[in-house]
Amino acid sequence: MGPLALAFDTKRASQAPLDLLMIKPQNLHQEATKFFGTGEGKPLDFFRTFFDGVMAGGTAGVVVETALYPIDTIKTRLQAARGGGKINFNGLYSGLAGNLAGVLPASALFVGVYEPAKQKLLRMFPENLSALAHLTAGALGGVAASLIRVPTEVVKQRMQTRQFNSAPDAVRLIVSKEGFKGLYAGYGSFLLRDLPFDAIQFCIYEQLRLGYKAAARRELNDPENAIIGAFAGALTGAITTPLDVIKTRLMTQGPANQYRGIFDCVQTIVREEGPSALLKGIEPRVLWIGIGGSIFFGVLESTKRFLSKRHPPPPPHPKKDPTS
């Protein structure tokens, strides 16, 4: 059964899109809430969960991207350099403004999809399969966010390697020289890297939080969430470094197209530069994602908690009159 099928009740999945088309706009919230319900009289408020995820994800994404952009630039230039090429340390914030324009909606969309999918799956699966729920929800969020992430990443990396001076010029010239598909250069390798990365990172983070909360028998504070996020990010970043190198080479090759695809890219790198080239940039990547995981998850949980306090408590269920 695929991940999309896991996210919804199978008996209602095929009928749900038709039902949603037939309902009135003012009833959309009620229908969505019913659709994401648990079947136990405890419905998941889909729109509130989605909105909170969008706000928390967007905030966390912008904060971490701004703080760690120079490290990401150095990592990209290390990976793009062939042979013993020297690294230019000028303009480490090159392309930040244009990148934030993509990071904000991508992070918001990722967490906006991840949170309701996670909560639905956790209510569907037995407790011993919670890791599968987190993995699936992370993959779903990654697929949704990739539609924004990939063009943003292409423009960002072309600017980090000094191919363009501004994000608008980068978009215009990429489209004119390579067509619209140029903005999605390396899409396959991006999914190959980011889907496992998103799924593994969020799964490790959520599972560590569950274990820590069970041991401490209390809610975690922000420093504890940040430490767990740092560990999950650093470990996942190290594991997926070869995939990141492949993605960087494919996205920065431009119209020359020296690589015919993912497997040709791997073979060419290993043949011309040796297997160790697939680990280029691992030090700044682990540092960047480790610190980034700390900031991202710390800000994410803090923002989610702030938003939850602003919501009014649900109205109590009316008690049934025993005399009626």
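All figures in this text were calculated on a predicted structure; none of them were measured in a lab.
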To the nearest 0.5 Å, what is the distance between CG (Leu191) and CZ (Phe197)? 14.5 Å
Minimum heavy-atom distance Gly229-Phe297, with the two atoms named: CA-CD1, 3.5 Å
Can you list the steps and then say if Leu122 with His134 is a side chain to side chain contact (heavy atoms under 4.5 Å, CB included)? CA-CA 8 Å; Leu122 286 174; His134 294 136; 3.9 Å; yes
For Pro105 and Leu100, the nearest pair of non-hydrogen atoms, with its separation, is CD-O, 4.3 Å
Nearest 0.5 Å, please: how far is CG in Asn225 from NZ in Lys304? 9.0 Å
Look only at the side chain of Ser130 and the backbone of Pro126, and say whether a donor-acceptor pair between them is shorter than 3.5 Å. no
Start with the C-alpha distance between Phe164 and Ile174, add both sets of side-chain angles, then the distance that settles side chain to side chain contact (heavy atoms under 4.5 Å, CB included), and finish with yes or no. CA-CA 10 Å; Phe164 304 105; Ile174 289 173; 4.0 Å; yes
Using a strict cut-off of less than 4.0 Å between a Lys/Arg side-chain nitrogen and an Asp/Glu carboxylate oxygen, indicate whether Arg158 and Glu178 qualify as a salt bridge. yes
Count the heavy atoms belonging to other residues, nucleotides or ligands that lie under 6.0 Å from CZ of Arg218, then report whether that count exceeds 12. yes
Is the ring pair Tyr184/Phe180 parallel, tilted or perpendicular, if the boundaries are 30 and 60 degrees? tilted
Side chain to side chain contact (heavy atoms under 4.5 Å, CB included) assessment of Val143 paired with Leu195: CA-CA 7 Å; Val143 169; Leu195 287 189; 3.8 Å; yes
Are Val266 and Ile246 close enough that some pair of their side-chain heavy atoms sits under 4.5 Å apart? yes
Strictly below 4.0 Å, N to O, side chains only: are Asp244 and Arg285 in salt-bridge contact? yes
Please check if any side-chain donor atom of Asp169 sits under 3.5 Å from a side-chain acceptor atom of Ser166, or the reverse. yes
Can you name the closest pair of heavy atoms from Ala167 and Met159 and give their distance? N-SD, 3.4 Å
Considering all heavy atoms, the nearest Gly57-Ser107 contact: O-CB, 3.2 Å
Ignoring hydrogens, what is the shortest heavy-atom contact between Phe110 and Gly138? Give both atom names and the distance. CE1-O, 3.5 Å
With a 4.0 Å cut-off on N to O distance, would you call Asp222 and Arg305 a salt bridge? yes
Do NZ/NE/NH1/NH2 and the carboxylate oxygens of Glu224 and Arg209 come within less than 4.0 Å? no
Could you tell me whether the side chain of Asp194 reaches within less than 4.5 Å of the side chain of Ser146, counting heavy atoms only? no
Is there a donor-acceptor pair closer than 3.5 Å between any side-chain N or O of Ser302 and the backbone N or O of Gly298? no
So how far is it from Leu92 CG to Asp72 CG, rounded to the nearest 0.5 Å? 10.5 Å
Atom pair OG1 (Thr268) and CZ (Arg249), whose distance is rounded to the nearest 0.5 Å: 9.5 Å
Out of curiosity, Leu68 CG to Thr73 OG1, how far, rounded to the nearest 0.5 Å? 10.5 Å
Show the nearest heavy-atom pair for residues Gly237 and Thr241, with the distance to one decimal. O-OG1, 2.9 Å
Phe231: which of Ile227, Ile228, Leu235 passes side chain to side chain contact (heavy atoms under 4.5 Å, CB included): Leu235
Only one of Val299, Leu300, Thr59, Ile295 forms a side chain to side chain contact (heavy atoms under 4.5 Å, CB included) with Val64, so which one is it? Ile295
Leu183 side chain reached by Val150 side chain, heavy atoms, under 4.5 Å: no
Can you tell me how the ring of Phe202 sits relative to the ring of Phe296, calling it parallel under 30°, perpendicular over 60° and tilted otherwise? perpendicular
Less than 4.0 Å between a side-chain N and a carboxylate O, is that true for Arg48 and Glu115? no
Student check: side-chain heavy atoms of Ile148 and Leu109 closer than 4.5 Å: yes
Answer yes or no: is there a donor N or O on one side and an acceptor on the other, between the side chain of Arg149 and the main chain of Ala106, under 3.5 Å? no
